[in-house]
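Heads up: the structure comes next, in structure tokens.
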Amino acid sequence: MMSRLRHSAAVLISTCLLSAAAQAAAPVTVEAPAFSTFNAEYLIYRAGKNHGKARRYLHDKGQHYEMGYNSDISWLVFSDKRSELSEFKVEQGQIRPVHYLMKRSGTGSNRHYEWRLDWQQQQVLTGKRATLKQIPWQDNWLDPLSYHQQLVTDLKAGKTEFSYQVLNRDGNSRTYHYRVELEEPLALPYGNLRALRIARVEENSDKQVLAWVAPELDYMLVRLWRGEDNVEQFDVQLHTLEWLQRLAPERLTETE
């Protein structure tokens, strides 16, 4: 009897040791970064003249990404300084914004817009006091900054038309439609690049928005043009770019 007990105990200990050794030997899976991180500076033009600067950045904070945009524009007696910040996570290829902040100062009234998303409670909290906003919850919400990175993900997946549900600065939901129009060379302060031109599609609108992204720069936004009644409002062009962590670059194949 004692012999059988000793044998059973030996088998159990041996099994446990083998299991522990197998677990120790098993490779640890580390999730790859979703995006290249960077600091980028832009020049802001109107009618061919430089009227200010802008800065965009994307930083990896470990548990989430932080994306920001800051601009300083001066034109005649008009001045405009603004900053935007987005904090978001990436889950299964889908961006999940958690915090959006926008501040504006200069000619006219100063502005402060802010909201947070509680994905567990499915709540939208707006303003400095985090007031609960009564609005039907949607699982595909993005914010005015983070949808740029969702566009990067979708472009890499080969998509050419996009629709995004975006919570604007007031925490109201809007649908943005975009499509890739063509690829073309660009001469920018940064240098010469090939880029995809993307247009916002809006029916019965007097506003026009065009964006150019460069696949060889991991689909970095290299130019943004906005017009109203086909009259240029501003033209933002990439000036300098610093990579903090860069994913493998992609090359754009020229078409005939």
Side-chain angles (χ1 to χ4, degrees), residues 34-35 37-40 42 44 52-59 61 64-73 80-91 94-106 108-119 123-128 130-131 133 135-155 162-179 198-202 205 207-213 219-228 233-236 238:
F35 301 112
T37 53
F38 60 86
N39 293 318
Y42 299 77
I44 303 174
K53 297 181 179 180
R55 175 177 176 260
R56 291 176 72 240
Y57 67 85
L58 180 64
H59 296 168
K61 297 296 185 178
H64 69 275
Y65 283 94
E66 178 180 300
M67 189 171 197
Y69 176 82
N70 304 282
S71 64
D72 188 349
I73 303 174
D80 183 281
K81 293 183 179 181
R82 63 183 61 202
S83 64
E84 291 182 85
L85 179 144
S86 168
E87 295 175 309
F88 63 88
K89 299 180 179 181
V90 182
E91 298 177 358
Q94 178 66 38
I95 286 178
R96 297 283 186 257
V98 294
H99 179 217
Y100 173 76
L101 172 66
M102 183 270 196
K103 295 180 180 180
R104 186 264 176 198
S105 63
S109 302
N110 295 342
R111 301 293 184 187
H112 179 112
Y113 302 94
E114 187 172 8
W115 53 254
R116 298 177 184 273
L117 291 184
D118 186 330
W119 288 87
Q123 293 178 339
V124 181
L125 307 172
T126 61
K128 296 179 181 180
T131 303
K133 187 178 182 68
I135 182 174
W137 180 265
Q138 297 186 57
D139 284 331
N140 58 346
W141 269 331
L142 299 166
D143 65 54
L145 282 183
S146 67
Y147 84 89
H148 297 174
Q149 294 308 116
Q150 188 64 50
L151 180 68
V152 170
T153 298
D154 293 339
L155 283 168
F162 323 90
S163 292
Y164 301 124
Q165 295 297 321
V166 177
L167 283 182
N168 65 13
R169 59 192 183 186
D170 295 308
N172 297 317
S173 185
R174 292 189 58 190
T175 303
Y176 289 168
H177 300 288
Y178 291 90
R179 67 164 174 257
I198 301 170
R200 182 187 292 183
V201 181
E202 293 185 282
S205 175
K207 298 180 180 180
Q208 300 83 41
V209 178
L210 296 173
W212 286 260
V213 300
Y219 295 91
M220 173 72 60
L221 177 68
V222 295
R223 183 182 178 190
L224 179 65
W225 184 93
R226 184 185 296 271
E228 189 167 345
Q233 299 299 305
F234 62 76
D235 186 356
V236 182
L238 181 65

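Here, residue 1 is the first one in the sequence, and each next residue gets the next number. Note that the coordinates shown come from a computational prediction; the quantities given were computed from them, not determined experimentally.
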So, using ring pair (Phe, Tyr, Trp, His ring centres under 6.0 Å) as the criterion, who are the partners of [X] when residues are at least two apart?
{"X": "W137", "result": "W119, W141"}
{"X": "H59", "result": "Y57"}
{"X": "Y113", "result": "none"}

| field | Modelled atom types, side-chain donor and acceptor of Y178 and D154, under 3.5 Å | value |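 Short answer, no.
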| Side-chain donor-acceptor contact under 3.5 Å, Q165 with Y147 |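 Side chains of Q165 and Y147: no pair found under 3.5 Å.
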| query | Within a radius of less than 6.0 Å around NZ of K81, do more than 12 heavy atoms belonging to other residues, nucleotides or ligands occur? | reply |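 Open: at most 12 neighbouring heavy atoms sit under 6.0 Å from NZ of K81.
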| task | Begin from the C-alpha positions of T153 and Q150 and carry the test side-chain contact (heavy atoms from CB on, under 4.5 Å) through to its verdict. | result | CA-CA 5 Å; T153 298; Q150 188 64 50; 4.1 Å; yes
Enter the distance from [X]:[atom1] to [Y]:[atom2] here, rounded to the nearest 0.5 Å.
{"X": "I95", "Y": "K89", "atom1": "CD1", "atom2": "NZ", "value": "14.0 Å"}
{"X": "S146", "Y": "E84", "atom1": "OG", "atom2": "CD", "value": "11.0 Å"}
{"X": "N140", "Y": "Q94", "atom1": "CG", "atom2": "CD", "value": "7.0 Å"}
{"X": "Q233", "Y": "W225", "atom1": "CD", "atom2": "CH2", "value": "8.0 Å"}
{"X": "H148", "Y": "D143", "atom1": "NE2", "atom2": "CG", "value": "9.0 Å"}
{"X": "L145", "Y": "L85", "atom1": "CG", "atom2": "CG", "value": "8.0 Å"}

So, do [X] and [Y] sit near enough that their side-chain heavy atoms are less than 4.5 Å apart?
{"X": "F38", "Y": "M220", "value": "yes"}
{"X": "L210", "Y": "Q208", "value": "no"}
{"X": "V124", "Y": "L117", "value": "yes"}

| query | With sequence neighbours left out, which residue pairs that include part of residues 109-119 fulfil the salt bridge (Lys or Arg N to Asp or Glu O under 4.0 Å) condition? | reply |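 Salt bridge (Lys or Arg N to Asp or Glu O under 4.0 Å) check on residues 109-119 returns E114-R116.
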Considering all heavy atoms of both residues, which atom of [X] and which atom of [Y] are nearest to each other, and what is their separation?
{"X": "P97", "Y": "F88", "answer": "CA-CB, 3.7 Å"}
{"X": "S83", "Y": "N70", "answer": "CB-OD1, 3.0 Å"}
{"X": "W115", "Y": "N168", "answer": "NE1-O, 2.9 Å"}
{"X": "V152", "Y": "Y219", "answer": "CG2-O, 3.8 Å"}
{"X": "G171", "Y": "K133", "answer": "O-CE, 3.1 Å"}
{"X": "T37", "Y": "L58", "answer": "CB-O, 3.1 Å"}

| field | Those residues that, when tested against R179, pass salt bridge (Lys or Arg N to Asp or Glu O under 4.0 Å) (two or more places apart) | value |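 If we apply the salt bridge (Lys or Arg N to Asp or Glu O under 4.0 Å) test to R179, skipping adjacent residues, there are no hits.
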| field | Contacts of D80 that satisfy salt bridge (Lys or Arg N to Asp or Glu O under 4.0 Å) - sequence neighbours left out | value |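 By the salt bridge (Lys or Arg N to Asp or Glu O under 4.0 Å) rule, D80 matches R82, R104.
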| Hey, mind stepping through Y42 and L221 against side-chain contact (heavy atoms from CB on, under 4.5 Å) and telling me if it holds? | CA-CA 10 Å; Y42 299 77; L221 177 68; 4.2 Å; yes
| query | Run the side-chain contact (heavy atoms from CB on, under 4.5 Å) check on R226 and V209 step by step: do they pass? | reply | CA-CA 5 Å; R226 184 185 296 271; V209 178; 3.6 Å; yes
| request: Evaluate the side-chain contact (heavy atoms from CB on, under 4.5 Å) criterion for residues V98 and H64: first the C-alpha distance (whole Å), next the side-chain angles of each, then the deciding distance (0.1 Å), finally the verdict. | output: CA-CA 9 Å; V98 294; H64 69 275; 5.6 Å; no
| field | Expected output: side-chain R169 to main-chain K103 donor-acceptor under 3.5 Å | value |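 Checked: no pair found.
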| Checking side chain to side chain donor-acceptor pair (under 3.5 Å) for the pair E202/Y176: CA distance, chi angles, key distance, verdict? | CA-CA 8 Å; E202 293 185 282; Y176 289 168; over 6 Å; no
